[in-house]
Amino acid sequence: MPKQHLTPVLTAVAACTAQLLALTPAHAGHQDGSDWTFGGFGTLSAVHSTEKQADFSANPLNPGQAGATREWSYGVDSRLGAQLAYNGDRWSAVLQVVAERNVTNSWRPVVEWANVQYQVTPELSLRFGRIALPLFLSGDYRKASYALTAVRAPSELYGALPISNSDGIDASYRWTLGEWKHTTQVLYGGTRVRLSDTLHADARALTGLSNTSTTGAVTVRATALKADLETKLGGQLFSALRQFGAQGETLARRYEPDGKRASVLSIGASYDPGQWFVMGEVGRINARSILGDKSAGYVSAGYRFGSVTPYATFSKVVANTPTRVDGLDLSSLPPPYAAAGQRLNKELNAWLSMISVQDTLSTGVRWDAGSNTALKFQFDHVRPRKGTSGTLTNLQPGYQYGRSFGVISAALDLVF
């Protein structure tokens with residue numbers, strides 16, 4: 001790869017580290033009894049896709065650029081995170097800054113977490129600020145790839161809901177029932193997602209309930225979330241559809257994402273006795289709009305041979321609503337209006353074709369080269385289904401829907 005492709009990654013690494021170090025008190029460190037700690041995590045990856053008429057992306061908020069744009073891309077999984085934490089008797093606080101490529105191709109560091117916690121009782125804690133969403137088994141550490149066995153969490157499920165934090169409050173209560181230890185969390189807040197240089201989406205009145213249960217080597221997490229969406233995504237399309245009277249108004253109300261209630265339900269479980277592991281999750285993400293109603297899940301397993309862990313994962317996402325519709329009825333319209341309506345029908349179906357229907361079979365190996373370093377290699381066989389482009393972005397004129405492709409990934413993960 002040309003050296004200049006690494007420049008944004010290295011620049012982001014430097015900026016992210018400098019931003020956190022500037023906030024670190026002079027006495028911070030890892031000394032015994034210290035109230036302050038500073039640490040971080042990082043991933044440097046290279047990804048190659050055999051699909052040359054589109055770009056592979058593991059996250060819709062990251063262009064990816066592996067495939068049509070670049071033979072090898074460093075931007076799919078590479079990131080750097082730094083974290084400053086304070087732990088007192090009853091009060092604690094954390095600030096985490098992460099730099100990774102975003103939808104505008106910027107590597108500017110952003111605040112991932114920034115919250116203060118008060119321990120009311122040994123069982124009950126309250127937090128306020130920017131808080132990690134308790135979503136999916138790996139939701140608390142999805143960006144710290146060192147904590148994952150694979151190169152990345154399955155994009156069919158985790159990419160279906162790319163938001164990872166909320167600005168608001170939460171309460172967690174720890175309790176025990178028999179041999180099971182539970183942590184029940186309720187939260188309320190909101191978040192803003194940047195979709196382009198000029199467009200964003202707001203999730204308001206984001207309300208959630210999550211419960212994590214453990215016993216021995218078993219962990220189970222179940223989560224329910226709902227939020228009100230506010231976004232002008234596709235606004236020109238829906239304004240144009242409304243010019244076609246009642247039928248256009250019906251289509252606009254059905255597929256316009258602005259003002260819709262989005263909901264998420266998920267449950268996952270893992271069993272990890274030490275020598276081997278197996279885990280799986282299922283979830284449903286329903287945006288009640290052109291953003292789709294999707295069900296996704298995966299199952300993954302691996303075996304540890306000392307410092308080497310081979311693993312395999314099968315993941316799948318399906319659409320619970322049609323990814324193609326008839327749209328406007330053009331049969332009774334005069335030719336000029338019929339031509340315009342045909343263009344709108346085509347645009348509407350182009351949006352619907354971006355609702356992922358896809359499955360992926362992944363195999364890989366992780367080598368723990370040191371106490372804080374892991375090297376991973378992974379191959380994905382990806383199959384978009386039912387006339388959709390799956391998780392691909394930047395479709396080129398020669399792209400063929402339904403064509404499977406391979407993805408090769410290499411990643412170096414570290415924590416410090």
Side-chain angles (χ1 to χ4, degrees), residues 11-30 34-43 59 61-62 78-104 106-120 124-136 138-147 158 161-172 183 185-195 200-208 210 212 223 225 227 230 415-416:
T11 301
V13 167
C16 189
T17 304
Q19 188 168 344
L20 262 291
L21 287 175
L23 296 169
T24 306
H27 62 278
H30 297 281
S34 172
D35 291 331
W36 293 89
T37 57
F38 175 76
F41 54 88
T43 297
N59 183 330
L61 301 181
N62 179 343
S78 295
R79 66 177 59 88
L80 181 82
Q83 181 171 304
L84 177 65
Y86 169 79
N87 290 284
D89 183 21
R90 285 181 176 267
W91 291 93
S92 59
V94 64
L95 172 67
Q96 185 184 98
V97 176
V98 176
E100 60 185 339
R101 178 183 278 156
N102 60 36
V103 72
T104 62
S106 169
W107 291 80
R108 182 178 179 180
V110 298
V111 175
E112 182 70 18
W113 301 341
N115 59 75
V116 175
Q117 177 175 293
Y118 180 68
Q119 197 71 37
V120 182
L124 176 64
S125 62
L126 304 175
R127 286 190 300 181
F128 63 91
R130 180 162 294 178
I131 301 163
L133 284 177
L135 189 63
F136 309 135
S138 304
D140 299 331
Y141 52 85
R142 65 160 78 179
K143 293 185 182 292
S145 299
Y146 179 86
Y158 284 72
L161 190 69
I163 61 173
S164 56
N165 56 48
S166 170
D167 296 332
I169 59 175
D170 77 347
S172 296
T183 299
Q185 181 179 353
V186 294
L187 64 93
Y188 182 85
T191 190
R192 168 169 286 191
V193 177
R194 191 175 185 181
L195 304 178
H200 61 265
D202 290 310
R204 301 190 183 278
L206 196 160
T207 308
S210 179
T212 303
T223 301
L225 296 175
E230 292 184 10
V415 292
F416 57 88

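Any value given below was found using the heavy atoms of this structure, including those in side chains, with hydrogens, waters and symmetry copies removed.
- The one candidate from Thr223, Asp170, Thr183 that meets the side chain to side chain donor-acceptor pair (under 3.5 Å) condition with Ser210 is Thr223.
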Q | Test side chain to side chain contact (heavy atoms under 4.5 Å, CB included) applied to Glu112 and Val97, step by step | A | CA-CA 5 Å; Glu112 182 70 18; Val97 176; over 6 Å; no

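- Using a 4.5 Å heavy-atom cutoff, the side chains of Phe41 and Gln96 are in contact.
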Q: For side chain to side chain contact (heavy atoms under 4.5 Å, CB included), just list the numbers for Asn102 and Leu61, CA-CA rounded to whole Å, side-chain angles, deciding distance to a tenth of an Å, and then say yes or no.
A: CA-CA 6 Å; Asn102 60 36; Leu61 301 181; over 6 Å; no

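- Contact annotation: the side chain of Trp113 never approaches that of Ile131 to less than 4.5 Å [non-hydrogen atoms, C-beta and beyond].
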**Q.** Candidate pair Tyr158 and Phe136, rule ring-ring contact (aromatic ring centres under 6.0 Å, His included), full reasoning
**A.** CA-CA 8 Å; Tyr158 284 72; Phe136 309 135; 4.8 Å; yes

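- In this structure, the side chain of Thr207 engages the main chain of Ala205 through a donor-acceptor pair within 3.5 Å.
- The shortest distance between side-chain heavy atoms of Ile169 and Arg127 does not fall below 4.5 Å.
- Side-chain contact between Val111 and Leu95 is present, with at least one heavy-atom pair separated by less than 4.5 Å.
- Distance alone, capped at 3.5 Å, places no donor-acceptor pair between the Asp202 side chain and the Arg204 backbone.
- A 4.5 Å side-chain heavy-atom check between Gln83 and Val94 finds at least one atom pair inside the cut-off.
- Residues Ser166 and Arg130 are not in side-chain contact: their nearest non-hydrogen atoms beyond the backbone lie 4.5 Å or more apart.
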